[in-house]
Number of protein chains: 2
Amino acid sequence: MNSFDKKYRKYRSIIDQRLASSIRKSEPVSLYQPMKYVLSGSGKRIRPLLIILSCEAVGGMMKEAVHAAVAIEVLHNFTLVHDDIMDHAESRRGRATVHVRWDPNVAILVGDELVAMAYRELLKTKSKAIAHVADVFTEGVVEVCEGQAFDKEYEGLHTVSLNDYLLMISKKTGKLFSVSAEIGALIGGGTEREIRALRTYATYIGRAFQIQDDLLDIVADEKEFGKAIGGDIVEGKKTFLLIQAYEHATGNDKRLIKSVIEKKGISKKTIPLVKEIYERCGIIELAKQSIDKDIRQANVQLKKLRDTPAREMLFWFSGMVLHRQF
Amino acid sequence: MNSFDKKYRKYRSIIDQRLASSIRKSEPVSLYQPMKYVLSGSGKRIRPLLIILSCEAVGGMMKEAVHAAVAIEVLHNFTLVHDDIMDHAESRRGRATVHVRWDPNVAILVGDELVAMAYRELLKTKSKAIAHVADVFTEGVVEVCEGQAFDKEYEGLHTVSLNDYLLMISKKTGKLFSVSAEIGALIGGGTEREIRALRTYATYIGRAFQIQDDLLDIVADEKEFGKAIGGDIVEGKKTFLLIQAYEHATGNDKRLIKSVIEKKGISKKTIPLVKEIYERCGIIELAKQSIDKDIRQANVQLKKLRDTPAREMLFWFSGMVLHRQF
C-alpha cells in the first residue's frame, strides 16, 4: 500500500467513524434505526476526500474541513435513499435499500432528515467563509434535484442526445463533486484562481466518474461491483453507452438498441448481445476515451495549484477514478 | 377590517408575491412546474407572520426578516408535500396534491428541492445572527421529521397517551412555530429574555393551533374548512379528541371509539355518532379549554416584551388562532 492509499484509508475511517457516531437519538425508532443503518453502510467517501484534499491543497488543514466532509457524505446518502425509492432499487452496496427493508414512507422521512443532518454538520464548520460555503452547498442540493428530475424525465423519452445526457450527469453526479472541491477550497482559504481550478478539476472528475459508472455496469466483476452486471441495460437506462450505441449502430444492431431504449421486453439474456454491439461499434472504447480525456483535463487544472502533498494526492485521486473497478 | 387585519393582509400578500416569483427556472419541467404549483397555492402564511412580528417586537424591521419569512413558508410547504404522500392525501387547500396531480416520484423531488430553496432564501438574510438562525432552522427541520415519524408510528398503535400525542404535535406542528418566533427575534436583535419569551409564546400557540385543527375536523364548516368534515375519524387519526374520548368514554361509547382507533370498518356514517360521543363526554369542551389555556399562557409571555404595535398584533394573532374557522 502506498502512502496515498494509507492516507485515503485514514481519512475514510475518520469519516466512517463520524458518520456512525453522528446519531445519538434513538426515538422515533422508525426514523433513527434506518438512519443508523444508512450511515453505518460502506462507501467510497470520495466526496469527503475531495473536500479534505481541496482544503489542504490551498493551505488549509484537514480538521477545518472535516464537518463539511461529513456533511457532503450525509447529503450524498440522502440522494441515494430518495433515488432508490424513485428507481425502485432493491439493493445498494450489497444491502437492502431503506424503502425495501422498511417502507417508502420511512425512506422519504429518512432522506428528509439526512438533509437536515447534512446542514447541521456543515454549519459546525468554523470558517470566515461559512456563509459562502452554505450557499455553494445549497446550490448543490438544488442541482442534484434537477439532475434526478432530468434523469426521470429521460426514462420516458425515446431519444436523449449526448448533450442532454451530459447536462443531466453534470447535475446529478458532477455537481456534488464540484461543490466538494469548492467548499474545501473555500474553507482552506484558497484564492479565486485556486478555487476555480479545483472546481473545474472536480467537474471533469465527476463526469469521468459517472461515465466510468456507466461502463462498469457492463465490464465490471459482479462480485466486486456489488450489483448485477447489465442492470442498466435491463432497465433501459439512458447511459453514455446506450446513447452512443444508438448514435453509432446500424441495421439489426440499431434495432436492438432501439428496443432496449423503448424497453420492449428486454431480459437478462439480451445483456451479452448488447455488450457485443457496444464492443463491435467501439462504444466501450469511446467511453474509455471520454474518461481518459476528462481525467487529463482535470489534471491540467491541478497544475495551476502550488506543488503540495495534497496536490500530489489529487493526481493520485484522478488515477483512482480512472482505474476503479467498483 | 381593523388595522391588524390590514397589516396581516399586507404581509401575506408580500409573502405570496415572493413565493410566486421565487422560481425563475422552468427546466426540468417535471420539477419546476409542480414547484410553481405548490408555491402559488393559498395559505394562511402564519409562520412568516410569526417571524415578522417577532422581529418587529424586539425592535427589528420587517424587511430584515422577509427572507427568513419566505424560507419558513417554503419549508412548511415541503412538509406538506411529503406528508401528503405519506398520508395518501388527495387534496390540499382545495387542489389536488402533487403526488396525485403528478406522481409520488415528482412529489418526493419537489419536497427535496423545496428544502434547498428554503435554505437558499434563509441564507439571503443579512444578520449578525445568521449562523445561529441557520442552526435554529435546521433543528426545526430535524424535529418536524421526528414529529411526522411519531405520527406515522402512532397509526400502527392501539393506544397513544395524551403525553405521546402532545410530544408528537410539539415536534410536528409546534416546532416550526417556535422556530419562527426564535428566528424573528434573533434577526431583530432581541435579548435572551425576549427570545425566550417569544419562543415560549409560539410553542403554546403552536399547540393551540394543532388542537384547534383537530377540533375543526369535527366542528368546522365544510366549505370554509376546504376539506371534508370528520376526515380524521374516518382515518382513525389519533387526534386530541380521539385520545381523550378513549380516556373518558365508557360502555358502548368506548367500544365505538376503540373501533375507530383500530380502524375496524369506519365509514362516513359513523362520523355523527363519534361527534355525539365527543359532545356527550365533554371532549369538545376539553379541547376548547385546552386551547384557551394555551392561548392565555402564550399571552403571559407577551407581557414580558416591551409595549409595541408588534406586541399588540401578537395578542391579536393569539385571538386569531383561537377563533379561526379554517
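This one's a predicted model, so the numbers in the text were calculated from it and none came from an experiment.
With a 4.5 Å cut-off on non-hydrogen atoms, B/Tyr32 touches chain A through its side chain but not through its backbone. Contact of B/Lys25 with chain A is made through the side chain alone, with heavy-atom distances under 4.5 Å. Both the backbone and the side chain of B/Glu27 come within less than 4.5 Å of a heavy atom in chain A. Both the backbone and the side chain of B/Ala134 come within contact range of chain A, with heavy atoms under 4.5 Å apart. Within the 4.5 angstrom heavy-atom criterion, only side-chain atoms of A/Glu153, from C-beta onward, approach chain B. At a 4.5 Å heavy-atom cutoff, the contact between B/Val115 and chain A is made by side-chain atoms alone. Heavy atoms of A/Val29 lying under 4.5 Å from chain B belong to its backbone as well as its side chain. When heavy atoms are compared at a cutoff of 4.5 Å, A/Phe137 does not approach chain B at all.
Note: B/Tyr119 OH to A/Leu123 CG = 6.5 Å, rounded to the nearest 0.5 Å. With values rounded to the nearest 0.5 angstrom, A/Ile85 atom CD1 is found 8.0 Å from B/Asn105 atom CG. Atom SG of A/Cys145 sits about 11.5 Å away from atom CE of B/Met117, to the nearest 0.5 Å. We find the CG-CD distance between B/Leu109 and A/Glu146 to be 10.5 Å, quoted to the nearest 0.5 Å. B/Ile108 contributes atom CD1, which lies 6.0 Å from atom NE2 of A/His82 (distance to the nearest 0.5 angstrom).
Contact count versus chain A (heavy atoms, under 4.5 Å) is highest, among B/Gly140, B/Ala116, B/Ala131, for B/Ala116. When each of B/Met168, B/Lys152, B/Gln148, B/Glu113 is scored by its heavy-atom pairs under 4.5 Å with chain A, the top score falls to B/Glu113.
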Working for side-chain contact (heavy atoms from CB on, under 4.5 Å), residues B/Val141 and A/Asp112
CA-CA 8 Å; B/Val141 186; A/Asp112 292 346; 5.9 Å; no
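The number of heavy-atom neighbours closer than 6.0 Å to NZ of A/Lys124, taken from other residues, nucleotides and ligands shown, is above 12.
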